[in-house]
Number of protein chains: 2
Amino acid sequence: MFLSRFTNALDAKGRVSVPADFRTAIALGGLENNDEFDGIVVWPSLEGKWLEGGGMALVRSKLDLLKNLEPHDHARIAFERAYFGESFRLGFDASGRVSLPKELAEFAGLDKQVTFVGMGERFEIWDADAYLAKAKQVRKLAKDTRQALYAKIKVGAGQGLDI
Amino acid sequence: MFLSRFTNALDAKGRVSVPADFRTAIALGGLENNDEFDGIVVWPSLEGKWLEGGGMALVRSKLDLLKNLEPHDHARIAFERAYFGESFRLGFDASGRVSLPKELAEFAGLDKQVTFVGMGERFEIWDADAYLAKAKQVRKLAKDTRQALYAKIKVGAGQGLDI
DNA sequence: ATCTATACTATGGGATTATATGGGATGCAA
DNA sequence: TTGCATCCCATATAATCCCATAGTATAGAT
């Protein structure tokens, strides 16, 4: 599981260290299926100017869910293009770095300091300054909407989720 | 699995490099069955003016699904003609290129720059400019229909049939 | 508690390899 | 021959590997 927040440097070659914590999370998640691939998958968020990422296990689970829909379903095809088509497979080098494609770096406005935010089963990648600004709003928003969130969970068959 | 988007050049001889990422995806997918054939299968999309493609494993799975239908089923026969009949087997050359039949290139309006779009278990081939225009709509469409998509997935307990 | 040895992490830069792509040569069929 | 497809070789660029280092945390011994 991806927890915590880590800020690392993006170097001149476009490389950035993936937090060691996240690397072990990925290694553990990929144990069930013997994923040939050692690295992360990253895509531009549909919500705003930051990146999202996870291990191959997460991508595979999305693929499996989509198989339940009609192949020509417009929503399905749009999602496949927007998600699979825009996802990048980023392999680790010997010291646990990935090199971010220019395209992704530009999308999220990444240049110097990059923040990895653990989100449970996935993570987000932000420009460090941008996340600092966002974090303030997030704290207040989470506090204000917590009650509504809990209500939703109780309605849908939640079994002892503790938020 | 086919991920990402790659844009390569179509040369004067009608050749285009298949992204290395896709080539390894095909090599991995074909490991179970020892596919004699080293290349991709490409066919015109039924949805619009672009091509779709995948490895032999994908074609084989479609064939297997169709075997569940009556041999004289009209829908089956129509599908077999439109899909198997229009599919081209394109072999790799030593540096991982295929040569696109004129017929396919004309169908999809391919001339200079060609974009391969990963769609999970298959991929699409677009004229680069055409896809650029499409991608903008796609992002919005995916965002707008995402909630409906999740709802559909929750309702349908389908078992991943994909034709 | 303090010091020391060890392991790991993040990061920089050079060396090496892979990839995409152009052009020529070869083989085959109409 | 003429066209067409395949194979072979050459190369610039981009991606990847490899080694070095500095800082940080961990463990053990005194």
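Please read these numbers as outputs of a predicted model, since none were measured by experiment. Lettering of chains follows the sequences in order, A, B, ..., and the numbering in each one begins at 1.
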| message | With side chain to side chain contact (heavy atoms under 4.5 Å, CB included) as the criterion, how do B/N8 and B/V114 come out once you've worked through the C-alpha distance, each side chain's angles and the decisive distance to 0.1 Å? | response | CA-CA 5 Å; B/N8 290 337; B/V114 171; 5.7 Å; no
| query | What is the distance, rounded to the nearest whole Å, between atom CZ of B/F22 and atom P of C/dA20? | reply | 11 Å
| field | Between C/dT21 (P) and B/L10 (CG): distance, integer Å | value | 10 Å
| Touch class at under 4.0 angstrom, heavy-atom based, for A/V98 against every strand present | nothing
| query | Does any donor-acceptor pair link the side chain of B/S95 with the base of C/dT19 at a separation under 3.5 Å? | reply | no
| request: Would you please indicate if the ring centroids of B/F2 and B/F22 are separated by under 6.0 Å? | output: yes
| said: Base, sugar-phosphate or nothing for B/A94? Non-hydrogen atoms, less than 4.0 Å. | reply: nothing
| Whole Å only: how far is the CG atom of B/D11 from the C1' atom of D/dC9? | 15 Å
| remark: Separation of C/dT19 atom P from A/R89 atom CZ, nearest Å, is 14 Å
| query | Nearest nucleotide by nearest heavy atom, which residue falls closer to the 5' end of DNA chain D, A/G91 or B/D93? | reply | B/D93
| request: Provide the closest heavy-atom pair for B/F88 versus B/P101 in the form atom of the first, atom of the second, distance. | output: CD2-CG, 3.5 Å
| For atom CZ of B/R23 and atom P of C/dT21, their distance in whole Å | 11 Å
| query | Within the structure shown, what part of the strands sits under 4.0 Å from A/S99 by heavy-atom distance: base, sugar-phosphate, or nothing? | reply | sugar-phosphate
| message | For a quick test of reading the model, state the closest non-hydrogen atom pair linking A/R122 to A/L58 and the distance between them. | response | CB-CD2, 3.7 Å
| task | Figure out the CD/P separation between A/E103 and D/dA15, and round it to whole Å. | result | 11 Å
| task | Return no unless some side-chain N or O of B/R97 is found under 4.0 Å from OP1 or OP2 of D/dC8. | result | no
| field | Rounded interatomic separation in angstrom, taking CZ from A/R15 and P from D/dC18 | value | 13 Å
| request: Check every strand shown and say whether B/K102 touches a base, only sugar-phosphate, or nothing at a heavy-atom separation below 4.0 Å. | output: sugar-phosphate
| Rounding to a whole Å, what distance do you find between B/F92:CZ and D/dC7:P? | 13 Å
| Checking A/R15 side chain against A/R97 main chain: does a donor-acceptor pair fall under 3.5 Å? | no
